[in-house]
Amino acid sequence: MTFELSERVQEVPPSGIRRFFEIAEERDDVISLGVGEPDFSTPWAARDAAIASLERGQTSYTANRGTRELREAIGEYVGDRFDLEYDPAEEILVTAGASEAVDLAFRAFVDPGDTVAVAQPSYISYEPGVIFAGGEVLSVPTKEEDEFRLTVDALEAAGADEADVLVLCYPNNPTGAIMREEDLEPIAEFAREHDLTVLSDEIYAELTYGGDGEDGVDHTSIATLPGMRERTIVFNGFSKAHAMTGLRLGYALGPSEAIGAMNKIHQYTMLSAPTTAQHAALEALESCESDVRDMVDQYDRRRRFVLSRFREIGMDVFEAKGAFYCFPEVPEGWTAEEFAEGVLREEGVAVVPGDVFGPGGEGHLRISYATGLEDLRKALARIEAFVENNV
């Protein structure tokens, strides 16, 4: 029997990241700077809460939207940290990772033929998610000269005034770029003027460096700007800042009607987010703030080290101020894919070519510094040797 695949599935290519990991798996001496996953373990308090919940036999489904206690804790957390005010009963949905929340939003708000403007380079799942929902992707490239921040000029040049939905990811994967309030204000005005629904992926919100606030964090959500709360869905979760990737827990914030629509899909597909993970997440919000701060401080030290080493090597790299990525340019005469494959085969360092993240990423590499300083030192020394021997 031959299966007839849907056109939507056939339209989506395999992940551009996976090929490099398949090459890396052939060797046992590879240092990977390609995975967007914390090298830290989930804080002990959260792990203990997960274990205790299992010992108590708390392994049943929860409410579709997530436990009331966790939704209340999320509401308090985003209010205190990011000035986001949402009703836990109607405006917060707990999901199986932020990725599920993103997928739910595409399916809830995108009709076949709708145009979804995606600021790129960006997380690789947005474009396939739009296609699976039947929408059409409109790429809006950002530029290094703008520090990879989205601008109204870029939106207008791409024709985003005719779009239905706008997707943002700041702090950004893969560039490490951030957008401050003054950068977001004209984007918000554009969205209001052209009646765009905004999907704002803020999974790296805690990982913002060099902030002006007392606690060093000054992430601004576009949903806090005038007239934006009612047209914005915010995504966040526990994978990055709380090092809980494998526990698969995220959440969406938005107006009750929108969250209700997403929950309608969620209750037929996922039913509810993992119960054990919800117990861990509740404890993470209640008692792991110092653990998060310690991890963020270590990421910041690594960030500064990696940026300084690329400059010593002679590779241009802009000052990434968020997430745990930097985005250096490859030397002149090389494509990103050629450089990434060369440094992997010759020096055993796995990095990701920037063009897999969409327009704007060409000629760059995504480097993850979510690994220990010792491995970072070794990897950067190997990259330096590759440049000296081949450029």
Side-chain angles (χ1 to χ4, degrees), residues 8-25 32-38 95-107 110 115-144 148 150 158 165-177 199-204 207 233 235-237 239-240 245-246 248 250 252 320 322-328 330 335-337 339-341 344 350-370:
R8 292 178 187 175
V9 170
Q10 294 182 66
E11 189 177 346
V12 174
S15 168
I17 295 176
R18 287 310 312 164
R19 188 171 73 85
F20 288 88
F21 288 112
E22 288 166 1
I23 296 173
E25 287 169 358
S32 177
L33 304 183
V35 180
E37 179 174 27
T95 59
S99 293
E100 191 214 349
V102 172
D103 180 60
L104 292 174
F106 286 141
R107 290 197 280 167
V110 177
T115 298
V116 180
V118 180
Q120 295 179 324
S122 65
Y123 179 50
I124 60 172
S125 291
Y126 300 145
E127 186 166 340
V130 173
I131 294 171
F132 291 146
E136 299 178 1
V137 175
L138 176 67
S139 296
V140 185
T142 60
K143 301 177 182 178
E144 186 170 1
F148 293 109
L150 180 63
V165 176
L166 171 63
V167 180
L168 305 176
C169 176
Y170 289 96
N172 183 262
N173 173 11
T175 65
L199 307 182
S200 184
D201 188 343
E202 302 177 21
I203 189 71
Y204 295 99
L207 278 61
I233 303 295
F235 310 116
N236 207 325
S239 292
K240 310 303 181 180
T245 52
R248 307 310 304 133
F324 39 55
Y325 310 105
C326 68
F327 211 55
V330 298
T335 67
E337 187 164 332
F339 190 98
E341 188 160 343
L344 175 57
V351 299
V352 182
D355 49 5
V356 307
F357 300 98
E362 297 175 3
H364 293 79
L365 307 171
R366 190 188 77 171
I367 304 293
S368 170
Y369 48 85

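Given the structure is predicted, the values throughout are model-derived calculations rather than measurements. Along the sequence shown, residues carry numbers from 1.
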Taking the six-membered ring where the residue is Trp, are the ring centres of Phe132 and Phe106 under 6.0 Å apart? no
Decide yes or no for Arg248 and Ser239: does some side-chain heavy atom of the first lie under 4.5 Å from some side-chain heavy atom of the second? yes
Min side-chain heavy-atom separation Arg107-Leu104 under 4.5 Å: yes
Does Leu138 reach the side chain of Thr115, with side-chain heavy atoms less than 4.5 Å apart? yes
Should Leu168 and Leu199 count as side-chain neighbours, where that means a heavy-atom distance under 4.5 Å? no
Can you confirm whether Val118 sits close enough to Val140 that some side-chain heavy atom of one is under 4.5 Å from a side-chain heavy atom of the other? no
Could you go step by step and tell me if Phe327 and Arg366 meet the side chain to side chain contact (heavy atoms under 4.5 Å, CB included) rule? CA-CA 5 Å; Phe327 211 55; Arg366 190 188 77 171; 4.2 Å; yes
Within the side chain of Ser139, is there an N or O that forms a donor-acceptor pair under 3.5 Å with the backbone of Pro141? no
Contacts of type side-chain hydrogen bond (donor to acceptor under 3.5 Å, both in side chains), residue Glu136, not counting sequence neighbours: none
Do Thr175 and Pro121 have side-chain heavy atoms sitting under 4.5 Å apart? yes
How would you list, by chain and number, every residue that makes a ring pair (Phe, Tyr, Trp, His ring centres under 6.0 Å) with Tyr170, sequence neighbours excluded? none
Flag side-chain contact, heavy atom, 4.5 Å: Val116 against Val110: yes
For residues Thr335 and Glu337, is any side-chain donor paired with an opposing acceptor at under 3.5 Å? no
Do Asn172 and Tyr204 have a side chain donor and acceptor closer than 3.5 Å? no
Could you list the donor-acceptor pairs under 3.5 angstrom formed between side-chain atoms of residues 355-365 and any protein atom two or more places apart in sequence or on another chain?
residue	atom	partner	partner atom	Å
His364	ND1	Glu362	O	3.0
His364	NE2	Glu144	OE1	2.9

For Tyr369 and Ala323, work out which heavy atoms get closest and say how close. OH-O, 3.2 Å
Quick one: does Cys169's side chain get under 4.5 Å of Phe235's, heavy atoms only? no
Determine yes or no for a side-chain-to-main-chain donor-acceptor pair under 3.5 angstrom, with Ser368 supplying the side chain and Tyr325 the backbone. no
